Amino acid sequence: MARHHVAGPPVWTSRVVSAFSIALSLCVAGAVAQDKALTINDKEYFEKRGLNVLVFTNEYNGMFFDEKTAGIELIHHGVRTATGGAVRLSPTPEQWDQIPKLVDRKVDPKTNAIEVRLRYEAFDFDSRLVVTPDGAGFKVAVYLDKPVPAELEGRAGLNLEFVPSRYWERTYLVDGKPGMFPRYPAGPTTSLPPEKRIRQFEGHSTFDLHGHKDYVEPLPVAAGQTIVMAPEDPERHVVIRSQSGELQLLDGRNQAQNGWYVVRTLLATKTTGKAVEWYVEPHTIPSWTRTPVIGFSQVGYHPSQPKRAVIELDANDRPLEAASLIEIRPDGRQVEKMKTRLEPWGKYLRYNYVVADFSSVEDPGLYQIQYGTQKTGSFPIAPNVYERVWHPTLDVFFPVQMDHMFVNEGYRVWHGAAHLDDAVQAPLNQQHFDGYRTGATTNTPYEPGERIPGLAVGGWFDAGDFDIQGGSHAMTVSGLVATWETFRPQRDQTLIDQGLRFVDIHRPDGKPDLLQQIEHGALQIAAQYRSIGRLVRGIVDGELHRYHHLGDASTQTDNLIYDPSLKPYESDGPRSGTPDDRWVFTDSSPAANYSGVGALAAASRALRGFNDSLATDCLALARKAYAEERARPAAPAPPTGFGAAFGQMAELAATLQLVTATGEQPYVDRFNELVWPALDRNAAMTLQLAARAIPVMDRDYATKLRPYVVKYKAELDGMLKQNPYGVPIGTRGWAGNSQVIGWATTNYHLHKAYPDLVGTELVTRGLDYLFGTHPAHNYSFVSAVGNRSKHLAYGNNRADFAFIAGGIVPGVLVLKPDYPENMDEWPFLWGENEYVIDIGASYIFLANAAQELLGR
Ligand SMILES: [Ca+2]
Ligand SMILES: [Ca+2]
Ligand SMILES: [Ca+2]
C-alpha cells in the first residue's frame, strides 16, 4: 500500500494564477530554449516536466498480440500520444503482425540510458535499441551484431506510432514542405505479391484475397530527413530527425481502421553496428501542469447516499483548500450551496488526490462542482437518479448485440439477420486468433467441417467482435435471470419476433424485454446442448480476414450454407462455394459445461409461464448434462490460480441454480459439499454465490456463513485504502470495471443478509466509480448514461467513431508502471474500450439493486 499524504507548503497559488502562468508560457514557448533534459526516474522511465518517454515498461505480449501499449511510448503533456517504438517488420504493423520479443532490458541511471534487446525468433534476428537523452529530446538508435537477415532487407525498420486522433486538425513539415495530417485515410497504397508478405500470427491472414492474389501495404504519405509534427500545437509538437536513412510518414488506417500514423526508417542492410539513429524532440511547455480531473458521478446522487468527488492532481500541482457545490437555480442563477474543505488523500500511481465530501447536501436539485476556476457539468441530486440508468443497456445495447436477428431502430437498421449459415464443426489442431483452440479430437459426433444442426438461433455477439462465446454467454443468461428474479422489471420498449428474426428498438410488444433477452440467450444455449450435449467454447469465424469484420454483422458471412461442389464466390441460391460458415469450437471443459448447465437451469425458472416448452427443455437439458459431467472422471484441474478458482466456482454456481430450480436434496447436498471449502479457499470470490443461496438453504446456513462475512469486511477495510476511490481497481491487461461491478454486487447481497456488517455505501460506490469517479477522466463508462459518457468505444460500430448506448467499457487500464489510461478520443484500445455482454447483464443487476436500496 503506497499512501502518502500530499507534502509541501500550504496553498498559496490560485487556479487563476496557474492558468495565467500557463497562458504566459504558451506565448513565449517558441522563444524559450528547452533547458531541461530528460532523466531516468525511480520508476525506470525518462521524465521531464510535460514529457515521459517509456522504453518497454510495457511489453508486447501474446494474449491479443499488438495491443498498441508497448515499446517506446510518449506521454506528452499528460496524454499518451505514441507507442510501438521498436524494430518492426512492416510499414504499419497490424494487430496480428509479428511482434518482437523482449530479451532483456537494461536501465542505467549512470549513463542515463535504457537499452533493450529485441528478438524475432522466426528470423533468428536480434537487435538492440538504445535510448539516451540528448539536448531537449532523446536519441533512439538500433544496433545490430549481425546484419539484417536477407529476407528482412527493406522490411525491418525502426517504427514509432502516433495516435491519429491526437494529430487531427494539425499539420506537419517534412524537410520544410507542409502537409496536413489526413483526417481520413486517403492512400497511397501499393499491391504486392503474396511472397513479399511477412507471415502473420500462426500463418493467419488479415487480408481477404477475394480471388486476387496480391495484398496491400501503405506507402509513405511523406518522406524526408526531418519531420516536424504539429508545430502549431505546443502540446503535440514533436521534431524527429533521422541521422541516417530516410524518415517516412505512413497512415496505417489505409490497411486497418485501428492503424496509427507511423514514422519509420528502414534499417541499414549488409552491415553491423548502428543501423539507424533518430533524434526526437517532443516540445514541452515550461512549468506545464496537467488540468485537474474532478471525478464525480455523472448521473448524480441519491439524496441519502455519500457524495464524494475525488480530484486528481498533477504531481507538480498544489491542491486548493476547498471546493464548492454550486446549485443551478431555475432562473439560471448559480448559487454556492456548500463549500467544503478538501481532504488530502495522498499519492496513487502518478497523481496526488484530494477528496471533496458533499454528503450533507440532500436537497433535490441541479448542481455543479467548482474547484478553483474549473466547473464540472451539471448533475442532479434526486431520489430517482438510478431509476433509468440501466434502460439504455436493455433497450439498445442488448438488442444491437443480438445474433441471428434483423435489428431496427426508428429509421436506422443496426444490422441484418446475421450468420444464418451457422455453423460447422471446427477443424482439428487449430490455434485460433481469438484465443479458441482445438486438439486432436472434436469431442462430438461431428466430423471436422461437418454442419452442426440447429445453431442459427438466439445468442449475442460476445463483444466488439461477432462471435458467440460460450462462457460469457452463459454468464449473461444467468445474470439476466438474477435481475428478473430479484427485481421483476416489466420494462417493455422492444419488439422481438423470433419467428421473423426481427427486433425493433423503442417499440413495445406487450412482453417484458428482459424475459425476451433471457429467451434469446436460452435458445442458443439449448441448441448447443441439443446438438452437442454441452456448452461450446465458441462459434466464430475461421478466417482472420473475416473475423476483423467491421460493418453490418449480416455481411460477415454470406448467410448461405457452404457447398464444396460450388466454386468460391459462386452460389446456386441457398448455398455457396465460399467456405465462410462459422466454426464451432467444441473442446471439452467441465467449467464451461457447468456454467452452461447453470444458465439453462436459471433460464428454466425465468421462462416458466413465458415460454413453457423452452423452460421445460432447458431444465431437462441441464439435469442431463449435470449428471453426465458429474459422472465423467474429473479432469486434472489446475491446482491454483484464477483458472482453478473459476472452474470450482462454475460447478458451485450450477449446483445453486439447480437447487433453486428444483429444491432437490442431492443438489442441496452437493452445494453444501462445495461451498464451505470454496469459502475457505477464496471467500471474496465465493461470497456472492454463497449469499445468494441464503433464501434456498436451511436456517443454520446464514449463521454458519456469517464469520466469513465478518472476515471479508475486515479485509475490505484494508483494500479500500489502496486507492482514493475505495473500490478494487484491477491491474491486469483488461481493465477492471467488471470486477468493480462484481464487488459492488457482492456487497449488495451481503448487505441484504447482514445489513449490520455491510452498508449500502459499498454498493453505490461501485456505481459512482463507473459513472465518473475514477482516474484519468470523469466520463461515465456507460455510454449514453450520465451527463458526459463514453462517446467513443470499441463496439462493433467503432469504425464510425461512435458508441452503442448502454454498453459498458472495461475502464481504466494501468499501463506500467504508473499511468492510468482510458483513451477517450480513440476507440480502438480493446482493453480499455470494448463492450462485452456479461458486464452488461451484471450492470443491469447492480443498477436495479441501487434503486431498490435507495429508492424506497
Ligand atoms: Ca470474441
Ligand atoms: Ca418487449
Ligand atoms: Ca456461408
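If you're wondering where the values come from, they're calculated on a predicted model, not measured in any experiment. Ligands are counted one by one from 1 in listed order, and the atoms in each one are counted from 1 as well.
- Ion pairing of D541 with R582 is absent here, as no side-chain N (NZ or NE/NH1/NH2) approaches a carboxylate O to less than 4.0 Å.
- An angle of 90° is found at the Ca ion (ligand 2) between T494 atom O and D492 atom OD1, rounded to 10°.
- Under a 4.0 Å N-O distance rule, the pair D421/R575 does not qualify as a salt bridge.
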Please list, one pair per line, the donor and acceptor atoms closer than 3.5 Å that link side chains of residues 455-468 to other protein atoms, with sequence neighbours excluded.
from	atom 1	to	atom 2	distance (Å)
W460	NE1	Q517	OE1	2.8
D465	OD2	Y547	OH	2.5
D467	OD2	Y436	OH	2.6

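- Protein N/O/S atoms closer than 3.0 Å to the Ca ion (ligand 3), listed by chain and residue number, are D421 OD2, D558 OD1, L560 O, D580 OD1, D581 OD1.
- With respect to the Ca ion (ligand 2), D509 has OD1 as its nearest N, O or S atom.
- Judged by distance alone, with hydrogens and angles left aside, the side-chain atoms of N822 form a donor-acceptor pair with the main-chain N or O of G811 at under 3.5 Å.
- Metal site remark for the Ca ion (ligand 2): K511 contributes an N, O or S atom at a distance under 3.0 Å.
- Judged by a 6.0 Å distance limit and a 45° cone about the ring axis, R388 is not positioned over the six-membered ring of W390.
- Taking the Ca ion (ligand 2) as the apex, the angle formed with OE1 of Q516 and OD1 of D513 is 90°, to the nearest 10 degrees.
- Without hydrogens or angle criteria, N848 side chain to W484 main chain gives no donor-acceptor distance under 3.5 Å.
- Exactly one of Q493, H506, R491 qualifies for a side chain to side chain donor-acceptor pair (under 3.5 Å) with D395. That residue is R491.
- Distances from the Ca ion (ligand 1) to the N/O/S atoms of D434 are shortest for OD2.
- Looking only at its N/O/S atoms, D465 has OD2 as the one nearest to the Ca ion (ligand 1).
- D462 contributes OD2 as its N, O or S atom closest to the Ca ion (ligand 1).
- Ion pair K68/D66 flagged as a salt bridge, since at least one NZ, NE, NH1 or NH2 atom sits closer than 4.0 Å to an Asp/Glu carboxylate oxygen.
- With hydrogens and angles disregarded, no donor-acceptor distance shorter than 3.5 Å links the side chain of D422 to the backbone of D581.
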